[in-house]
Amino acid sequence: MTVRILAIDDSPTMRSLVARALRGAGFEVFLASDGVEGIGTLADADPHLIITDVNMPRLDGFGVIEAVRTSGSHSGVPILVLTTERGDDLKARARRAGATGWIVKPFEDDQLIAVVDRVLGR
Amino acid sequence: MAVPDDFREMFFVECGELLESLANGLREMEEPGYDKETVHAVFRAAHSIKGGAAAFALTALVTFAHRFETALDQIRSDRLLPDARVMAVMHRCSDCLADLVGAARQEDEPNTAQMTALLDELDRLSGEDKTGFGFVPLALDLSPPVPASGLVIRFAPQPDLYLSGNDPLALIHALRRLGPAEVALDASAVPLLEDWTADECHLRWTVTLTGNIAPEVIATVFEFVEDCCEIGISPLSADSLPAAEEPASFTPVPILLAVESAGDPADETAIAEPASGPGPQAARAVAAEAGATIRVNLDRVDRLMNMIGELVIKEAMLSQVIDTVGLSDNLDVAAGLDGIRQLADEIQDSVMAIRAQPLKLVFQRMHRILREASEATAKPARLITLGEQTEVDKTMIERLVDPLTHMIRNSVDHGLEDEVTRQRRGKPAQGTVTLSAAHRSGRVQIEVSDDGGGIDRGRVREIAESRGLIAPGTVLTPTEIDQLLFLPGFSSKQEVSAISGRGVGLDVVRREIMALGGRIMIHSVEGQGSTFSIALPLTLAVLEGMLIQLCDQTMVLPITSVQETLRPAPSALHGIGQAGRVVANRGDLIPIIDLGCIFGLRDQRASLDDGVLIVVETDSQRRAALHVDGIVDQRQVVIKSLEENYGRVAGVSAATILGDGKIALIIDPEEIVLSCAGDAGLVPRVLSANG
């Protein structure tokens, strides 16, 4: 079965990098360029995992988490936050918001895949 | 991370857009009552650049972007007041960031001196000490002693684990991948059925891993859940069995059973069900990057444009053939030909629209130029840009950067007065330079104007005389004095200040504009300021031309320079001096130039009884009546560079191919008029040096 991942990032470069890494590992990847678009994609993509950037126009990463967690049908989907910060502040914030985990930029492709695999239990 | 080049290029393209929105945002932040979202957008731009730069290991860029972003964060959280002083630093940071991106793109060494100086200023502003990146290394608070033969991991999630989307099953999977594992489930905490809810986790596990496994690796597995789980790691003593470590109530359960009971039902469904929901089409539509634009290699568009040029030529040829075989009166043929012509026009317009880009791309860059010029000359100044959305051909955009840069610097340096003088004249201390663009009668008009003192014509005259550009005492009109600014050699290194100088004078600006098929004019009012106007063709590929007959040649005159055509009465013609001839027209005397003689097509001037006079006006608003044998047609012609295919010919700007396949030269009226200025005796001799 193909595992579907929704990646939300306002930077086309980051989107492409994430998509490339995930597709290379055999995932089906859906992309959205901000939180609003990401939430709009939720029903269609029906993802097993969401990877979202934090700083985005319209709806940021925390907004995405909140929206997903209260979405009913997708409230249990694991969400990884993509961030440049390694500080405890952000982790705590992400946790409070209901994030499953985080990936610190920059990352190697295998690091990303390792985290994704871990969260998905693959 | 090893990233392919096309991702790198994509990153730099993205950086360009981000830098633009950053610079725009900073400018908006200087307006009173700006939108708070602007600060967020500016912050995001710096942040995204940092994120991307980190992916490409561009250390200097990351360092700088991070500090810049920190300062912006302080502004957006109202911890730093964006006053004029702070904003000045922010602008310089934005410039520095642009420089660092530029250096990274060129794979040059970054300018660390500039960067360090700004970092210091940022530190001063935010009153922070230098804590470097502010990135805290990942802290591992789990530090059991190094295991001898394995680890026993006790894992007791809090009931709300599922709320974070974490799945204990996944974690156990991750542990099992580290080595041979035995998993024991403790279901003792599971409540009775009436109290049980599916979204809470009441199970606990003990995993015994054998092998030499570093505790850090285990810590990584639990990285995301360390706050919502009790985790205990202890070394596996050689003789201890996993079960022995458990409380009595722990009942080992095979892992598969644990799996089935542990998962969040909703989550399980999501993983277990095949992709039943979204059809492949919907998936593709979503997966495709949103947006209705595509990036196309410029070469392809150029090729298309060339082919359209050929189409225009072929159409002209076809029309000629139809004429020759006497079919042009046939209504069906004429209608068909008309259709093709119209279609060719439309295709040409469409391709031009593809190549067209808003002048915004150049205009945006001028803010920085102005800021730097203003700082260098200590003259407070602001730049207003109007008509940024006016579109011109992409090639032109690139080639406008240098001339406009020079003109903006020139406006600040030579146009604007210093602060004291301005105040004495009752002007605001801050000078204003306006950069505007608009479409005007088939051309693009770009104006650079300042509210400075206007051209000091007495001084210009002095300089021109001292440099031997004009004879002392030459009688010149104000417009003619202004034109002196464009003479090569007017500005010299001693006179030009560090900022607008660099050994480049307005003559170079003028040459560059002319190379684009444009022209430049000055309008200056003493005490009120000067305006430099540039008129550019919409495209470099096609030109609306008047086809004229000259001896056995057909030549093309750009229609934009043609004012009117005359067949003057003999009484309107006058001789001046030995060789000069002028025609009286609407109260003006216009010098006559015999184009046939100019191009060496005939030795003797043709009689004015034959042929037609075409009145042209040049950049410098100089008029002349070109004497030609006849007017053949007016039509669009495709511009083919003569310099690329043959060489430079005086008085000719380019060539084209006519319907009969013959080559026709496209006349440059400016050059013709200037080179013949002396001949007519009406124009100061000095200007002929220009041609």
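Because only heavy atoms are used, hydrogens play no part in the values below, and waters and symmetry mates are left out as well, while side chains stay in. Chain letters run A, B, ... following the sequence lines, proteins first and then strands; every chain starts at 1. Worth saying up front: this structure is predicted, and the values here are computed from it rather than measured.
Shown here are the side-chain contact (heavy atoms from CB on, under 4.5 Å) partners of Arg177(B), two or more places apart in sequence or in another chain: Asp117(A). Listed by chain and residue number, nothing satisfies the ring-ring contact (aromatic ring centres under 6.0 Å, His included) test with Phe64(B) (two or more places apart in sequence, or in another chain). Scored by the ring-ring contact (aromatic ring centres under 6.0 Å, His included) test, Phe68(B) finds no partners at all (sequence neighbours excluded).
Geometrically, Arg95(A) does not engage Phe224(B) in a cation-pi contact, judged by NZ or CZ lying under 6.0 Å from the ring centre and within 45° of the ring axis.
Scanning all heavy atoms of the two residues, the minimum distance from Thr220(B) to Arg118(A) falls at O-NH1, 2.7 Å. Scanning all heavy atoms of the two residues, the minimum distance from Pro106(A) to Ala54(B) falls at CB-O, 3.2 Å.
Judged by distance alone, the side chain of Thr100(A) and the main-chain N or O of Ser164(B) form a donor-acceptor pair under 3.5 Å. Not a single donor-acceptor pair under 3.5 Å links the side chain of Asn55(A) to the backbone N or O of Arg44(B).
For CD of Glu230(B), the number of neighbouring non-hydrogen atoms (other residues, nucleotides, ligands) closer than 6.0 Å is 12 at most. The 12-atom threshold is exceeded at CZ of Arg105(B), counting heavy atoms of other residues, nucleotides or ligands nearer than 6.0 Å.
Ser11(A) contributes atom OG, which lies 7.0 Å from atom CG of Leu18(B) (distance to the nearest 0.5 angstrom).
Annotation: residues 59-71 of chain A contacts chain B through Arg69(A) [non-hydrogen atoms, separation under 4.5 Å].
For Val54(A), no part sits under 4.5 Å from any heavy atom of chain B, backbone or side chain. For Ala170(B), the parts lying under 4.5 angstrom from a heavy atom of chain A are both the backbone and the side chain. For chain A, no part of Val225(B) is nearby; none of its heavy atoms comes within less than 4.5 Å. Neither the backbone nor the side chain of His40(B) comes within contact range of chain A; no heavy atom of the residue lies under 4.5 Å from a heavy atom of that chain.
Contact annotation: the side chain of Phe56(B) approaches that of Thr13(A) to within less than 4.5 Å [non-hydrogen atoms, C-beta and beyond]. Taking the side chain as every heavy atom from C-beta outward, Phe11(B) and Met14(A) never approach each other to under 4.5 Å. For the pair Asp167(B)/Pro78(A), no side-chain contact is recorded, criterion being any heavy-atom separation below 4.5 Å from C-beta on.
Listed options Gly40(A), Ala114(A), Gly101(A) were ranked by heavy-atom pairs under 4.5 angstrom with chain B; first place goes to Gly101(A). When each of Pro57(A), Ala7(A), Ala19(A) is scored by its heavy-atom pairs under 4.5 Å with chain B, the top score falls to Pro57(A).
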